[in-house]
2 protein chains.
Amino acid sequence: MSIACDTCVVRNRAICSVLDTDELVALNRIGRTRTISAGQTLMWEGEDSALVANVLDGVLKLSTGTEDGREQIVGIVYPADFIGRPFGARAQQTVTALTEARVCVFARGDFDAFAREHPALEHKLLQRTLTELDRARHWMLLLGRKSAMEKMASFLLEMSERLVQNGCTPDAGPLDRFALPFGRQQIADILGLTIETVSRLLTKLKNDGVIDLPSRREVTILQRDILRHRAG
Amino acid sequence: MSIACDTCVVRNRAICSVLDTDELVALNRIGRTRTISAGQTLMWEGEDSALVANVLDGVLKLSTGTEDGREQIVGIVYPADFIGRPFGARAQQTVTALTEARVCVFARGDFDAFAREHPALEHKLLQRTLTELDRARHWMLLLGRKSAMEKMASFLLEMSERLVQNGCTPDAGPLDRFALPFGRQQIADILGLTIETVSRLLTKLKNDGVIDLPSRREVTILQRDILRHRAG
DNA sequence: CGTGGCATTGATGTGGCTCAACGATAGTGG
DNA sequence: CCACTATCGTTGAGCCACATCAATGCCACG
């Protein structure tokens, strides 16, 4: 097997970016790339944590659920993001692909050992984890204290910022038009709402001229300032 | 100044536990202990992140809020826990003492530099941060998908587990009787409810014989299995 | 041209919020 | 020691935002 990493699309953004060529060769030896089709699950909540991975391409969701089937999406994972629970026996979330996705997977034990020998990698992972923690806590404010409309507006704004795909375009700022990688039910699962409420809110925003909905999965933000105002 | 660390109550549980005596001396040199009275705020959301700290004693809350004054508590911090945002310019949460508290504080820059030179410390911090992230995400399920009663029951169960203070008693299991470090409003801010709802739920649980409320801040769990059942 | 999976829309119900009053408790100063 | 007051908690009545239940519409697929 040759070194895939030097042609890797996320080489300069994933946690691997802190490794030099030799280290990358070593890391590459213990990993392999894998393609996941939309809807397929990579790991299950509660199962023991056998894998960790870097996302090369596609979008995945992290979710937890109650026994009676209610689901909450607790994180969205994009290219260059890290997946899984190193140094821990159990996966705490289910990881499912929302689009077709390519990931670079490692056996958790192998990765743990490698990471412990490469402090720079652990440092990068720590930084990412701290950022994710801040993001998760910020989302808790949305879930616990915001109204349905505030949730929806906040969601659309965040999406328009996070979907700025790193195309080689230099920092284009938030997008005014983008395709959501989610269906309505999944938006509901992100915001802690029902699918009907999500639908009603979107059509209301459309009728009010704040956004447009060219197709089921596309959104155009027409009046960003008003949307921000509605985000609470 | 002498080494306070060797008599530190959290010496074996805080992140410092991975340091040897010499390293501890060095760390001690850049830190100092500080007492915070109940209700006092140690750092503010959005302010630049000047401090990090270890909690020696007491309980603190992490919170975020909307512009119009709604608050969400996003984390509770106990002795041996770590506070603050290393390697990042801005504090994302407000940190406020709920009880009188003693913390071991460091200038963020000093701590960052020290941590980068001590991979074992960063590793420990990474583990903690990963655990906190799992906890935060789990809490998102509660905030987004659980009913008020399920939130309350989950909260009481979690408290009975986390307040098992490490008295030198060997692993006593969850407590059936404990004092909450929170008033009703703060419970509401943790669960994303109003104070009135919190009050009604507690008296309902009491009337149903599931718990008892000996005083304002004390709780006795009488029927843990039923409480678990109501936690959803 | 059906068929099945999403999405929208409407009618109705209800859990938890809001507003308002009252009660309990702890601290304070006479 | 007790009245006084501020703070916190409890309780009730009413309402509203969002859930629930139930049709209907829209495509994309064979």
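Reminder, nothing fancy here: chain letters follow the sequence lines and each chain counts from 1.
- Between A:L98 atom CG and C:dC6 atom P the separation is 13 Å, expressed in whole Å.
- At a threshold of 4.0 Å, the pair B:D81-B:R128 counts as salt-bridged, since one of the basic side-chain nitrogens sits closer than that to a carboxylate oxygen.
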Atom pairs, N/O to N/O, protein against nucleotides 24-30 of chain D, distance under 3.5 Å?
from	atom 1	to	atom 2	distance (Å)
D:dC26	O2	A:R216	NH2	3.4

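- Applying the side-chain contact (heavy atoms from CB on, under 4.5 Å) criterion to A:E71, with sequence neighbours excluded, gives A:K61, A:S63, A:I73, A:D189.
- Rounded to a whole Å, the CE atom of B:M152 is 13 Å from the P atom of C:dG16.
- Whole-Å rounding puts the B:L202 CG to C:dG16 C1' distance at 15 Å.
- Pairs of residues two or more places apart, or lying in two chains, that qualify as salt bridge (charged side-chain N to carboxylate O under 4.0 Å, His left out) and include a residue from residues 193-205 of chain A are A:K204-A:D208.
- Spacing between atom CZ of B:R145 and atom C1' of C:dG16 amounts to 17 Å, rounded to whole angstrom units.
- Within a heavy-atom distance below 4.0 Å of DNA chain C, the residues of residues 183-201 of chain B found are B:G192, B:L193, B:T194, B:E196, B:T197, B:R200.
- Side-chain contact between A:I83 and A:M43 is present, with heavy atoms from C-beta onward closer than 4.5 Å.
- The overall bend of the helix from C:dC1-D:dG30 to C:dG30-D:dC1, read as the angle between its terminal helix axes built from five base pairs each, is 30° when rounded to 10 degrees.
- Applying the side chain to side chain contact (heavy atoms under 4.5 Å, CB included) test between A:M140 and each of B:T64, B:I190, B:L143, B:L62 identifies B:L143 as the sole match.
- B:L213 has its CG atom 10 Å from the P atom of D:dT11, to the nearest Å.
- Between B:T203 and D:dT11, a side-chain N or O to OP1/OP2 separation shorter than 4.0 Å is present.
- Side-chain contact of A:R85 with B:T131: a donor-acceptor pair under 3.5 Å is present, judged by distance alone.
- Remark: A:S154 engages A:L142, A:K146, A:A231 in a side-chain contact (heavy atoms from CB on, under 4.5 Å) (not counting sequence neighbours).
- As rounded to whole Å, 12 Å separates atom P of D:dA17 from atom CD of A:E150.
- At a threshold of 4.5 Å between non-hydrogen side-chain atoms, the residues B:R108 and B:L51 do not count as touching.
- Straight-line distance from the CG atom of A:L180 to the P atom of C:dC6: 16 Å, rounded to whole Å.
- Spacing between atom NZ of B:K204 and atom P of D:dG12 amounts to 14 Å, rounded to whole angstrom units.
- A side chain to side chain contact (heavy atoms under 4.5 Å, CB included) with A:R13 is found for exactly one of A:V10, A:I15, A:V9, namely A:V10.
- Annotation: side chain of A:L227 is not in contact with side chain of A:Q223 (no heavy-atom distance under 4.5 Å).
- With a 4.5 Å cut-off on side-chain heavy atoms, A:E158 and A:R135 count as touching.
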